[in-house]
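Heads up, the thing below is written out as structure tokens.
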Amino acid sequence: MPNAPADRPRRLTFHDPGPLLVDGPVEVELEDGTTVTSDRFRVALCTCRRSRRYPWCDTSHRSRIRRTPED
């Protein structure tokens, strides 16, 4: 039963810029009505929409700088 006294609150951790970390397991309802689930102990949800695995974060939000051999 949702919100039963035994349920503990879910912890959400914001990172700017970056993903939204949620203590799992989680069930996410997408805009189109489909539902995706993860049974991991913590999941990273994409907030920038750059992820190829959306709604899961794949660290696409990070700026990638290519190093040359001279660096």
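Quick note: residue numbers are just sequence positions, from 1. Since the structure is predicted, the reported quantities are computational estimates derived from the model, not experimental observations.
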Per-pair distances, 0.1 Å, donor-acceptor, side chain in residues 19-29, under 3.5 Å, sequence neighbours excluded:
from : atom 1 : to  : atom 2 : distance (Å)
D23  : OD1    : R42 : NE     : 3.2
D23  : OD1    : R42 : NH2    : 3.2

Exercise for the section: Over all heavy atoms of both residues, which pair between W56 and S38 is shortest? Give the atoms and the distance, please. Expected result: CH2-CB, 3.8 Å
Practice task
Flag yes if L12 and L45 sit in one hydrophobic cluster, no otherwise; membership is Ile, Leu, Val, Met, Phe, Trp, Tyr, and two members link when side-chain heavy atoms are under 4.5 Å apart.
Solution key: yes
Practice task
Kindly compute the distance separating CZ (R52) from SG (C46), expressed to the nearest 0.5 Å.
Solution key: 12.0 Å
Problem - side chain to side chain donor-acceptor pair (under 3.5 Å) against R49, all qualifying residues, sequence neighbours excluded - result: E31, Y54
Completion exercise
The side chain to side chain donor-acceptor pair (under 3.5 Å) partners of D32 (sequence neighbours excluded) come to T34
